[in-house]
Amino acid sequence: MPTTLTARTFFTRNLLQWHFEENDRQLPWKNETDPYKIWLSEIILQQTRAEQGLPYYQRFIAQYPDVHRLADAPEAEVFRLWQGLGYYNRCRNLIAAAQTISRDYKGRFPADYEKILALKGVGNYTAAAVASFAFGLPYAVLDGNVYRVLARYFGIDTETDSTAGKKQFQELVQQLLDPEQPAAFNQAIMDFGASVCKPKAAACTTCVLAPECQAYRRDMVDLLPVKGKKIKVTERYFHYFVLQVGDEVFIRQRREKDIWQDLFEFYLVETGQATLQPGDIPPAGITQLPAPVFSNRQRLTHQLIISDFYLVGLEKKPELPGEGIWVKQALLKNYAFPKTILSFFNRKNYF
DNA sequence: AATTCGGGGCA
DNA sequence: TGCCCAGAATT
């Protein structure tokens with residue numbers, strides 16, 4: 001799909017005009033110039049809606065006003081602040097990048113696209129966002145909004161999750177970028193995708209780009225963009241033994257390469273079926289199978305986690321395989337848990 | 001090139 | 001329910 005200069009001009013000019021006139025929702029990271037805050041907001045917002053990320057952003061800024069504070073914070077404290085936000089490798093990479101900036105760059109965020117891109121957890125999108133918003137560098141962002149807006153406006157049916165698609169859209173948006181005002185362009189195209197050219201129920205009747213929009217012209221708005229990959233959801237059965245001795249509970253940190261890495265959980269027995277079978281009993285001094293006191297289903301992108309929780313009161317701490325710690329209930333708030341575990345805490349009549 | 005990393009909002 | 005969200009890293 002070759003783009004004419006006329007088309008590029010119309011698109012970019014009208015998009016920027018729309019953005020200038022539109023009173024869109026103000027968010028704390030908009031019109032922000034501190035690269036630390038912009039970077040932090042972008043990491044939090046990866047695959048995350050603004051409404052969901054906003055309270056986390058506010059708590060992070062309050063707790064860690066600058067990159068040194070974040071770099072020097074205890075890892076467990078940062079994870080506790082990230083608890084519930086998901087994609088926890090973002091948190092791990094956030095800490096690593098903060099330490100790189102704090103130590104290698106002495107707290108001075110690099111004003112260089114390649115150096116920004118080299119930071120842990122920073123890919124093409126985030127590097128372009130920070131480079132443009134913080135330093136006014138001419139790098140166009142390519143996120144879910146941009147794919148959608150461009151696929152529809154130019155009538156592109158290339159699969160957006162293919163290598164060819166990424167390349168095609170990346171080159172296109174970079175051509176469309178107004179190098180005189182990269183920050184405004186990037187903000188505009190993402191805001192436009194979020195509020196006008198929405199995934200469902202796009203506001204085509206009032207859209208300022210509709211006159212030149214290929215998808216609108218061909219009545220293909222709901223067919224674009226095209227994604228190729230299908231996701232397969234695996235069912236997993238977790239049996240959590242809430243082992244208690246006095247006012248202490250046994251928890252362990254998930255270290256394996258799996259979901260919820262670095263978060264804490266109870267003693268886990270994972271099986272291939274919903275009901276616990278004789279022989280699945282953990283070596284925890286349990287002589288007979290207890291009945292679950294609570295159940296939970298959590299849907300992740302690729303997995304459905306079905307959990308049963310068993311309350312087990314013990315006289316003395318048993319010998320358990322692997323690593324783990326006994327924690328007083330009052331101190332559980334210092335550890336980061338996945339939502340499945342939090343759902344157990346939040347249930348009525350806990351302990 | 002394909003998978004896998006959370007969790008929530010929406011029709 | 002299925003799709004999507006200010007994506008990135010790993011295999």
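First the proteins, then the strands, lettered A, B, ... as listed; each starts at 1. What's counted below: heavy atoms across the whole structure, side chains too, no hydrogens, waters or symmetry copies.
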For A:Ser41, report the nucleic acid contact type (base, sugar-phosphate, nothing); a contact means any heavy atom under 4.0 Å.
nothing
Salt bridge (charged side-chain N to carboxylate O under 4.0 Å, His left out) contacts touching residues 327-344 of chain A (sequence neighbours left out)
A:Asp247-A:Lys328, A:Glu248-A:Lys328
Going by the rule ring pair (Phe, Tyr, Trp, His ring centres under 6.0 Å), which residues pair with A:Phe192 if we only count those two or more places apart in sequence or in a different chain?
A:Trp18
So, using ring pair (Phe, Tyr, Trp, His ring centres under 6.0 Å) as the criterion, who are the partners of A:Tyr56 when residues are at least two apart?
none
Regarding A:Lys198, tell me which of base, sugar-phosphate or nothing describes its non-hydrogen contacts under 4.0 Å with the strands shown.
nothing
Salt bridge (charged side-chain N to carboxylate O under 4.0 Å, His left out): which pairs involve residues 298-307 of chain A, sequence neighbours left out?
none
Distance between C1' atoms of B:dG9 and C:dA8 (Å, rounded):
23 Å
Atom CD of A:Glu180: over 12 foreign heavy atoms under 6.0 Å
no
For A:Tyr57, what residues pass the ring pair (Phe, Tyr, Trp, His ring centres under 6.0 Å) criterion, not counting sequence neighbours?
A:Trp29
Return the set of residues passing side chain to side chain contact (heavy atoms under 4.5 Å, CB included) with A:Lys115 (not counting sequence neighbours), or none when no residue passes.
A:Tyr105, A:Pro110, A:Asp112
The reported gap from CD in A:Glu235 to CD1 in A:Ile305 (rounded to nearest 0.5 angstrom) is 9.5 Å
Nucleotide range of DNA chain C contacted by chain A, 5' to 3', under 4.0 Å to a heavy atom?
C:dG2 to C:dT11
Along nucleotides 4-11 of chain B, 5' to 3', which nucleotides get a B, which get an S, and which get a -, given that the test is a protein heavy-atom distance under 4.0 Å?
BBBBBB--
When we call it a touch if two heavy atoms are under 4.0 Å apart, what does A:Glu159 touch: a base, just sugar-phosphate, or nothing?
nothing
Please give the remaining members of the hydrophobic cluster of A:Leu304, linking ILVMFWY side chains under 4.5 Å, ordered by chain and number.
A:Val233, A:Tyr237, A:Ile306
Select base, sugar-phosphate, or nothing to describe what A:Val122 touches, counting heavy atoms under 4.0 Å on all strands.
sugar-phosphate
Let me spell it out: for each of A:Ala50 and A:Lys120, pick the nucleotide of DNA chain C with the closest heavy atom. Which residue's pick is nearer the 5' end?
A:Ala50
Quiz: residues 58-65 of chain A side-chain donor-acceptor pairs under 3.5 angstrom, not counting sequence neighbours:
{"from": "A:Gln63", "atom 1": "NE2", "to": "A:Glu77", "atom 2": "OE2", "distance (Å)": "3.4"}
{"from": "A:Tyr64", "atom 1": "OH", "to": "A:Glu77", "atom 2": "OE2", "distance (Å)": "2.7"}

When all nucleic acid strands are considered with a 4.0 Å heavy-atom cut-off, which category describes A:Asp161: base, sugar-phosphate, or nothing?
nothing
Looking at residues 177-185 of chain A, who's got a heavy atom less than 4.0 Å off DNA chain C?
none
For nucleotides C:dA6 and B:dT3, find the distance between their P atoms and express it as a whole number of Å.
25 Å
Using a 3.5 Å cut-off and no angle test, enumerate the donor-acceptor pairs between side-chain atoms of residues 119-128 of chain A and protein atoms at least two apart in sequence or in another chain.
{"from": "A:Asn124", "atom 1": "OD1", "to": "A:Tyr113", "atom 2": "OH", "distance (Å)": "3.0"}
{"from": "A:Tyr125", "atom 1": "OH", "to": "A:Glu42", "atom 2": "OE1", "distance (Å)": "2.8"}
{"from": "A:Thr126", "atom 1": "OG1", "to": "A:Gln46", "atom 2": "NE2", "distance (Å)": "2.9"}

